[in-house]
Amino acid sequence: MRKRELIIYREFPEGRDRLLERIESIVSGYETGKMAREGADGAMIQSAGDFYGCIHELIAQAEIYGFYGNLWHCYLTHLLVTSENGYSRGCEMRGKMEGTINEAVLHDMAIFKEYFDYHFIPLCKKLQISGFRMAELYEGSSGESGVYNHRICECICSLAQELGRAGSPEEMKDILTAFYGKYGVGRFGLHKCFRIHKDAENRMHIEPIPRIAHVKLDDLVGYELQKKKLRENTDAFVAGRRANNCLLFGDAGTGKSSCIKAIANEYYDRGLRVIEVYKHQFRDLHDVIAQIRGRNYKFIIFMDDLSFEEFEVEYKYLKAVIEGGLEKKPENILIYATSNRRHLIRENYGDKTEDGRMSEIRQDMHTSDTVQEKLSLAYRFGVTIYFGTPDKRQFQGIVKALASRYEVEMPEEELLLQANQWELSHGGLSGRTAQQFMDYILGRPR
């Protein structure tokens with residue numbers, strides 16, 4: 001095992017290669033005859049304990065990431081699909097790479113083939129270890145984890161099987177190149193949605209959101225014109241055509257946020273990724289954009305429940321990012337926001353004029369300028385989509401559609417009577433109220 005000889009695949013995120021280094025150290029000790037001292041029964045005490053620790057870590061990672069099968073191969077594959085280097089990023093952008101870098105990658109693949117082909121049986125016999133076999137034929141508990149959803153787990157485990165069957169370093173390289181071209185590399189290649197956070201040293205990171213609701217636009221009952229408008233804009237964006245920033249505004253509980261989750265699910269296979277940013281993080285928007293410009297994905301920066309009080313100035317950072325700064329916004333980035341307010345920023349009567357005269361509530365010589373400054377943020381969203389509260393008939397239609405979807409067996413008259421009683425005491429007419437009522441019905445003992 002020759003990790004130090006790697007050229008391109010030398011660095012891995014978050015120290016994920018420490019386990020590789022530990023196993024390589026144990027194997028090196030075995031092959032050179034410089035293992036830890038023998039116990040009274042002839043077993044290698046320290047090395048055996050270290051190797052059991054490695055088996056423990058392989059199984060722990062399987063539960064964290066949802067891996068199954070040959071956990072050693074899954075671990076190595078995970079290193080390869082999360083290593084963002086010049087080759088993997090280039091394959092993500094352009095498919096097959098040209099030039100000398102291919103020789104360096106082939107050199108690394110020869111080393112990884114040694115890793116994949118290594119037989120641990122002689123080492124286990126020397127250390128008197130019988131537990132490694134379970135790590136080679138591991139049956140996962142669920143296939144879903146706190147880090148990856150089922151689709152990603154299957155993707156990595158299937159790739160591990162392909163790489164394990166590869167007959168040469170060249171074949172391994174071809175398999176990996178095709179994977180990068182289809183799925184990308186690292187966190188952006190594997191995940192749909194992200195959020196940002198700062199670490200203890202105040203460094204900004206974009207981290208994946210492991211799972212989001214598997215909702216699709218067709219799951220949202222009604223609002224056909226709104227969904228059509230959102231689809232058209234998003235279709236144009238992922239196809240590389242001109243598209244607009246989009247504001248979904250209107251009454252609470254009408255499905256605005258659900259629409260964003262839906263497009264994240266529906267457009268993932270076409271290279272769309274969604275990054276959620278909160279209002280207090282707007283100062284970091286330029287750093288976010290710097291990290292995602294030039295990637296072979298389309299990014300929607302999503303701002304949920306966007307609104308500003310009069311004293312808040314964060315909207316100015318957003319205005320500069322959307323349009324108006326010296327730096328051009330990258331073509332692979334759009335901003336989608338939801339809000340209960342059409343104009344996003346609360347106005348007071350001191351911002352308005354009456355019959356062309358200055359308001360007496362607040363004497364501001366430039367009141368109209370103040371109003372325009374606040375309204376200009378909303379104007380920078382080229383597409384605005386209104387989601388209104390359903391009327392009684394529409395609400396009942398949503399309830400009936402949900403009851404059919406969940407196969408609720410109840411006379412329609414009784415169903416609608418209970419739904420009407422529910423909405424009167426639980427927030428009024430809205431799609432959210434209808435869903436909450438259905439959850440109540442489904443949760444009752446039968």
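- What you find for Ile101 and Gly86 is that their closest heavy atoms are CD1-C, 4.0 Å.
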Legend entry - Derivation of the side-chain contact (heavy atoms from CB on, under 4.5 Å) call for Phe51 and Cys124: CA-CA 9 Å; Phe51 198 64; Cys124 290; 3.9 Å; yes

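- No donor-acceptor pair closer than 3.5 Å links the side chain of Thr254 to the backbone N or O of Gly388.
- A side-chain donor-acceptor contact under 3.5 Å links Lys173 and Asn102.
- A donor-acceptor pair is defined here as one N or O able to donate and one able to accept, closer than 3.5 Å; no such pair exists between the side chain of Ser88 and the backbone of Val185.
- Under the 4.0 Å criterion applied to side-chain N and carboxylate O atoms, Glu5 and Arg10 are not assigned as salt-bridge partners.
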Inset, instruction - Could you please spell out the steps behind the side-chain contact (heavy atoms from CB on, under 4.5 Å) verdict for Arg89 and Asn85? - result: CA-CA 6 Å; Arg89 291 276 296 272; Asn85 53 61; over 6 Å; no

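- Atom CZ of Arg18 has 12 or fewer neighbouring heavy atoms from other residues, nucleotides or ligands inside a 6.0 Å radius.
- Take Phe179 and apply the ring pair (Phe, Tyr, Trp, His ring centres under 6.0 Å) test, not counting sequence neighbours, and it matches Tyr183.
- With hydrogens and angles left out, the side-chain atoms of Gln394 and Tyr223 include no donor and acceptor closer than 3.5 Å.
- For Tyr386, the ring pair (Phe, Tyr, Trp, His ring centres under 6.0 Å) criterion is met by Phe249, not counting sequence neighbours.
- Atom SG of Cys193 is separated from atom CG of Asn265 by 7.0 Å, given to the nearest 0.5 angstrom.
- Side-chain atoms of Arg405 come within 3.5 Å of backbone N or O of Asp219 as a donor-acceptor pair.
- Interatomic distance, Ile300 CD1 to Phe237 CZ, rounded to the nearest 0.5 Å: 6.0 Å.
- Side-chain atoms of Lys298 never come within 3.5 Å of backbone atoms of Leu334 as a donor-acceptor pair (strictly under, hydrogens ignored).
- Residues Leu20 and Leu79 are in side-chain contact: their nearest non-hydrogen atoms beyond the backbone lie under 4.5 Å apart.
- No donor-acceptor distance shorter than 3.5 angstrom exists from the side chain of Glu276 to the backbone of Phe194, with no hydrogens or angles considered.
- Of the possible polar contacts, none joining the Arg165 side chain to the Ala160 backbone as a donor-acceptor pair under 3.5 Å is found.
- No donor-acceptor distance shorter than 3.5 angstrom exists from the side chain of Arg231 to the backbone of Lys227, with no hydrogens or angles considered.
- Using modelled atom types, one finds a donor on one side chain and an acceptor on the other under 3.5 Å when comparing Ser430 with Thr433.
- For the residue pair Tyr278/Asp304, the side-chain donor-acceptor check at 3.5 Å is not satisfied.
- In this structure, NZ in Lys192 is found 12.5 Å from NZ in Lys261, a value given to the nearest 0.5 Å.
- Minimum heavy-atom separation, Tyr138 to Ala62: CE2-CB, 3.8 Å.
- In summary, of the residues considered (Glu24, Glu11, Glu21), a salt bridge (Lys or Arg N to Asp or Glu O under 4.0 Å) with Lys3 occurs for Glu21 alone.
- Counting heavy atoms from C-beta outward, Ile129 and Ile55 have side chains that approach closer than 4.5 Å.
- By the 4.0 Å N-to-carboxylate-O rule, Glu224 lies too far from Lys228 to be salt-bridged with it.
- Counting all heavy atoms, side chain and backbone alike, Asn332 lies closest to Gly294 at ND2-N, 4.1 Å.
- With sequence neighbours excluded, the residues satisfying side chain to side chain contact (heavy atoms under 4.5 Å, CB included) with Ile7 are Ala104, His107, Asp108.
- Side-chain atoms of Arg273 do not come within 3.5 Å of backbone N or O of Tyr297 as any donor-acceptor pair.
- Checked against the 6.0 Å centroid threshold, Phe67 and Tyr75 do not count as a close aromatic pair.
- Taking OG of Ser83 as the reference point, atom OH of Tyr9 lies at 6.0 Å (rounded to 0.5 Å).
- Arg444 has its side chain within reach of Ile441: a pair of non-hydrogen atoms, C-beta onward, lies under 4.5 Å apart.
- Residues Tyr336 and Thr234 have side chains that bring a donor and an acceptor to within less than 3.5 angstrom of each other.
- Two rings, from Phe299 and Phe188, have their centers less than 6.0 Å apart.
- Nearest heavy atom pair, residue Thr177 against residue Cys91, reads CG2-SG, 3.8 Å.
- Under the salt bridge (Lys or Arg N to Asp or Glu O under 4.0 Å) test applied with Asp284, the options Lys279, Lys198, Arg203, Arg195 reduce to a single match, Lys198.
- Phe116 meets the ring pair (Phe, Tyr, Trp, His ring centres under 6.0 Å) test with His73; sequence neighbours excluded.
- Two rings, from His78 and Tyr65, have their centers less than 6.0 Å apart.
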Inset, instruction - For the pair Lys125 and Ile121, evaluate side-chain contact (heavy atoms from CB on, under 4.5 Å) and give the outcome as yes or no after the intermediate values. - result: CA-CA 6 Å; Lys125 288 182 177 179; Ile121 293 177; 3.7 Å; yes

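- Ring-centre distance between Trp72 and Phe120: below the 6.0 Å cut-off.
- For Ala262 against Leu217, the heavy-atom pair with the smallest separation is CB-N, 3.4 Å.
- Using modelled atom types and a 3.5 Å distance limit, the side chains of Tyr267 and Asp235 yield a donor-acceptor pair.
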Inset, instruction - Any chance you could lay out the side-chain contact (heavy atoms from CB on, under 4.5 Å) test for Glu201 and Asp199, step after step, and finish with the verdict? - result: CA-CA 5 Å; Glu201 298 179 2; Asp199 59 23; 3.6 Å; yes

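- Side-chain contact between Gln281 and Val288: absent, with no pair of heavy atoms (C-beta onward) separated by less than 4.5 Å.
- At least one donor-acceptor pair under 3.5 Å links the side chain of Asn296 to the backbone N or O of Glu92.
- Interatomic distance, Leu248 CG to Lys229 NZ, rounded to the nearest 0.5 Å: 9.5 Å.
- Remark: Lys182 engages no residue in a side chain to side chain contact (heavy atoms under 4.5 Å, CB included) (not counting sequence neighbours).
- With Asp251 contributing its side chain and Thr389 its backbone, the two residues share a donor-acceptor pair below 3.5 Å.
- Annotation: side chain of Thr338 is not in contact with side chain of Met303 (no heavy-atom distance under 4.5 Å).
- Take His197 and apply the ring pair (Phe, Tyr, Trp, His ring centres under 6.0 Å) test, not counting sequence neighbours, and it matches His205.
- In this structure, Leu176 CG and Tyr87 OH are separated by 7.0 Å, a value rounded to the nearest 0.5 Å.
- Within a 6.0 Å radius of CD1 in Ile209, more than 12 heavy atoms belonging to other residues, nucleotides or ligands are found.
- Side-chain contact annotation: Tyr52 with Glu57, donor-acceptor N/O pair under 3.5 Å absent.
- No side-chain N or O of Asp287 forms a donor-acceptor pair with one of Gln291 less than 3.5 Å apart.
- Around CZ of Arg133, the count of heavy atoms belonging to other residues, nucleotides or ligands within 6.0 Å does not exceed 12.
- Between Val408 and Leu442, the closest heavy-atom pair is CG2-CD2, 3.8 Å.
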